[in-house]
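Below you'll find the structure, written out as structure tokens, and then a few comments.
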Amino acid sequence: MILTVAPTGPVAMKADNPHLPTSPVEIADAVAEAYAAGAAVAHIHVRDEDQRPTADLGIARRVMDLIAERCPILIQLSTGVGLSVPFAERAELVELQPEMATLNPCSMSFGRGEFRNPPEDVERLARRMVDLGVKPELEIYDTGHLDACLRLRDRGVLEGALQFSIVLGVQGGMSATAQNLIALVDRLPADAVWQVIAIGRANLELTAIGLALGGNARAGLEDTLHLGRGVLAPGSTPLVERAARIARDLGREIATVESARASLGLVTHAR
Ligand code: KMH
Ligand code: ZN
């Protein structure tokens, strides 16, 4: 079971949870703590000095370096970045050659905003990721997004075992129900690797259901700011520890970085 920590995300601010890491050092420290708690992958969004989501390559490079100084966790850069950042800037992040990066296959409403992922840009980014040896994690917010990814595979743009996140609970995407999750899992290719990203209130329940169904898990303040009703999480580590605990209780073994690297077929990049 591959455990990913998502410490920051594009939406929350320190005013929402003062433990949200936003500076490069804060993000790297949060990732190192999560690594010690069992995370093998770090899903990274970076922020500018005013906490705004940014695709600034200098800031992203600094965060990657600070993480690498602290621990050998696999780095997955978000190319979703934030709704206010244009696609072309977001796509540049893969030039930093993280082991993995997200690929958001379709445009959609996202809360009260708009998440623009035009088909031609998505395809160009997918091809670039394959060329650079950056493993795409395909973000599925609705049923048609899976079909869009399968079309890219059928046309030879994406190859090998595909890695999916099934995202539940974004306003504009699927709601966070077990039925929606199971319907998607049933349609994944047999060799797919997948995890649940459950946003907000249903985070605990749907993460647990995903683990029980054999999926991987993601945990952290990007997906929920709370440990329980009205209880702010004092960082991502307690959420990572909770997911690890559920997995172990279900008899799942937590993947090390090396076993995650092997099972995802990741390319090792010289830095
Ligand atoms: N923020 C989540 C709803 C990405 O960063 O590219 C989905 C996500 C995708 O993590
Ligand atoms: Zn993200």
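The structure presented is a predicted model; accordingly, all values stated were derived computationally and were not measured. Both counts, for ligands and for their atoms, begin at 1 and track the order of listing. What you see below is based on every heavy atom in this structure, not just the backbone, and it leaves out hydrogens, waters and symmetry mates.
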### Summary
Per residue Glu222, nearest N, O or S atom to the Zn ion (ligand 2) is named OE2
Does ligand 1 have any N/O atom under 3.5 Å from a protein N/O, and what are those pairs and their distances?
unit_1   : atom_1 : unit_2 : atom_2 : d
ligand 1 : 1 (N)  : Glu222 : OE2    : 2.7
ligand 1 : 5 (O)  : His43  : NE2    : 3.2
ligand 1 : 5 (O)  : His45  : NE2    : 3.0
ligand 1 : 5 (O)  : Ser78  : OG     : 2.6
ligand 1 : 6 (O)  : Ser78  : OG     : 3.3
ligand 1 : 6 (O)  : Gly80  : N      : 3.4
ligand 1 : 6 (O)  : Thr102 : OG1    : 2.7
ligand 1 : 6 (O)  : Asn104 : ND2    : 2.9
ligand 1 : 10 (O) : His43  : NE2    : 3.1
ligand 1 : 10 (O) : Arg218 : NH1    : 3.1
ligand 1 : 10 (O) : Arg218 : NH2    : 3.2
ligand 1 : 10 (O) : Glu222 : OE2    : 2.8

### Query
Is it true that Lys14 and Glu26 make a salt bridge, defined as a side-chain N closer than 4.0 Å to a carboxylate O?
yes
### Query
If you measure from the Lys or Arg side-chain nitrogens to the Asp or Glu carboxylate oxygens, is any gap between Glu253 and Arg248 under 4.0 Å?
no
### Task
Taking only Lys NZ, Arg NE, NH1 and NH2, and the carboxylate oxygens of Asp or Glu, determine whether Asp131 and Arg127 approach each other closer than 4.0 Å.
no
### Query
When Arg90 is tested against each of Asn117, Asp121, Asn104 for side chain to side chain donor-acceptor pair (under 3.5 Å), which residue passes?
Asn117
### Cationic N near anionic O, under 4.0 Å, Glu241 to Arg245
no
### Message
Any heavy-atom pair between the side chains of Asn180 and Ser175 that's under 4.5 Å?
### Response
yes
